[in-house]
There are 2 protein chains.
Amino acid sequence: MQGVETFLESKSIRVTAMRILIYNFLSDKDVAVTLSDIENAFDKADRTTLYRTIKTFEDKEIVHQIDDGTGVTKYALCEPNCHCDLETDLHLHFHCTECGATICLTDHKIPKIKVPKGFVAEHVNLVVKGTCDKCNCD
Amino acid sequence: MQGVETFLESKSIRVTAMRILIYNFLSDKDVAVTLSDIENAFDKADRTTLYRTIKTFEDKEIVHQIDDGTGVTKYALCEPNCHCDLETDLHLHFHCTECGATICLTDHKIPKIKVPKGFVAEHVNLVVKGTCDKCNCD
DNA sequence: TATATCCATGCAATGGAAGTGCATTAATCG
DNA sequence: CGATTAATGCACTTCCATTGCATGGATATA
């Protein structure tokens, strides 16, 4: 994929084979993944490399972190032109307690939240737990 | 406090010195606490005891768990008559990124969240991050 | 081209938090 | 008081996140 390389460059991320692989892995998934998921997909690579690659992606705002309450951090690609802004970019996440999948509901923006006087909101984390469409078919 | 003992009994929790102390510790706080916080407050007690006491309190629905995204679980007393129900009891939590405090905004109930067709919502975790009233005074 | 520099990678190790098994002590009930 | 049941304490384990250091590859510079 020529596209990925130029995309990474446009985000001032140095292009390496590993990074392209990880990016493609993430973009193939429609659910958020853990570090272990990536680890299992790339046996040959070291855990630290994967970890730092994800951190780099995060810094450059092409990946966002999700805390779905399971205790392990999950990651997913951001939408194009995402800056993880409170007003425009934040979407809610759905965690299925049956299959364990965590899904970005990117078209479900987070409603405006009122906070008490004196408080300043900068970020919102909204996770809905329940059962997903696939699990409800059974 | 005679009141605490009868309260615990009413929840069918066996009354011990430790449990009274922990309950009072929690009710003195207006912020959610971590297990380590409790540990530091009670040097003499073993971590496991504190851990299991909190779990007991959770089971009996007098304490709720909060995942504010810091990676460590926090705990706070429930409101009276709370059953941690989706519709009536769930409130939002505010996490201050400056002082690290996590606060229950019990009068801020969680707005009704729409999820896509096929999905069933059972629980919602809503954490707003930013700076709290105390930190904004500086 | 040679060399210096910067950064990605890999290995090893650490630290923190959650959780479990088992033995001991304390509380309740008959 | 004696027996049963539950609470406490200790030791350990596991899992995940994170960091330090050494190495190797890519890039820029002379």
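Nothing here was measured: the structure is a model prediction, and the numbers come from that model.
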Practice prompt. Report the distance from atom NZ of A:Lys60 to atom SG of A:Cys78, rounding to the nearest 0.5 Å.
Written response: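 Output value for this atom pair is 14.0 Å.
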Closest non-hydrogen contact found for B:Cys96 with B:Cys132 is SG-N, 3.4 Å
| query | Looking only at side chains, do A:His93 and A:His108 share a donor and an acceptor under 3.5 Å apart? | reply |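 On atom types as modelled, these side chains do not qualify, holding no pair under 3.5 Å.
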- A:Thr34 side chain to A:Asp37 side chain, donor-acceptor N/O pair below 3.5 angstrom: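 A donor-acceptor contact under 3.5 Å links the two side chains.
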[X] has an atom [atom1]; how far is it from atom [atom2] of [N], in whole Å?
X	N	atom1	atom2	answer
B:Leu8	C:dA27	CG	C1'	15 Å
B:Ile54	D:dA7	CD1	P	14 Å
B:Ile20	D:dA7	CD1	C1'	14 Å
B:Glu39	C:dG19	CD	P	15 Å
B:Leu50	D:dA7	CG	P	14 Å
B:Asp46	C:dA17	CG	P	16 Å
A:Asp43	C:dC11	CG	P	13 Å
A:Glu9	C:dA8	CD	P	13 Å

Mind listing the N/O atom pairs, protein and nucleotides 17-26 of chain D, below 3.5 Å?
residue	atom	partner	partner atom	Å
D:dA17	OP1	A:Thr73	N	3.0
D:dA17	OP1	A:Thr73	OG1	3.1
D:dT18	OP2	A:Tyr51	OH	2.6
D:dT18	O5'	A:Tyr51	OH	2.9
D:dG20	O6	A:Arg52	NH2	2.9

- Task: Name the orientation class of the two ring planes belonging to B:Tyr23 and B:Phe7 (parallel below 30°, tilted from 30 to 60°, perpendicular beyond 60°).
- Result: tilted
Requested in this report: Scan A:Thr56 against the nucleic acid and name what it touches under 4.0 Å (heavy atoms): base, sugar-phosphate only, or nothing.
Outcome: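 Nothing, no heavy atom under 4.0 Å.
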Could you tell me whether B:Asp68 and B:Lys74 have a side-chain N and a carboxylate O separated by less than 4.0 Å? yes
Looking at A:Arg47 and A:Glu39, is there a salt bridge between them, counting it only when a charged N and a carboxylate O are closer than 4.0 Å?
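Result for this pair is yes, salt bridge flagged.
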Neighbours of DNA chain C within residues 25-34 of chain B, by heavy-atom distance under 4.0 Å =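 Those residues: none at all.
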Among C:dC11, D:dA7, C:dA8, which nucleotide has an atom closest to any side-chain atom of A:Arg19?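 The answer is C:dA8.
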A:Ile38 and A:Val33: CA distance, side-chain angles, deciding distance, side chain to side chain contact (heavy atoms under 4.5 Å, CB included) verdict: CA-CA 7 Å; A:Ile38 308 178; A:Val33 298; 4.0 Å; yes
**Q.** Verdict with reasoning, A:His95 to A:Thr97, per side chain to side chain contact (heavy atoms under 4.5 Å, CB included)
**A.** CA-CA 6 Å; A:His95 174 69; A:Thr97 50; 4.3 Å; yes
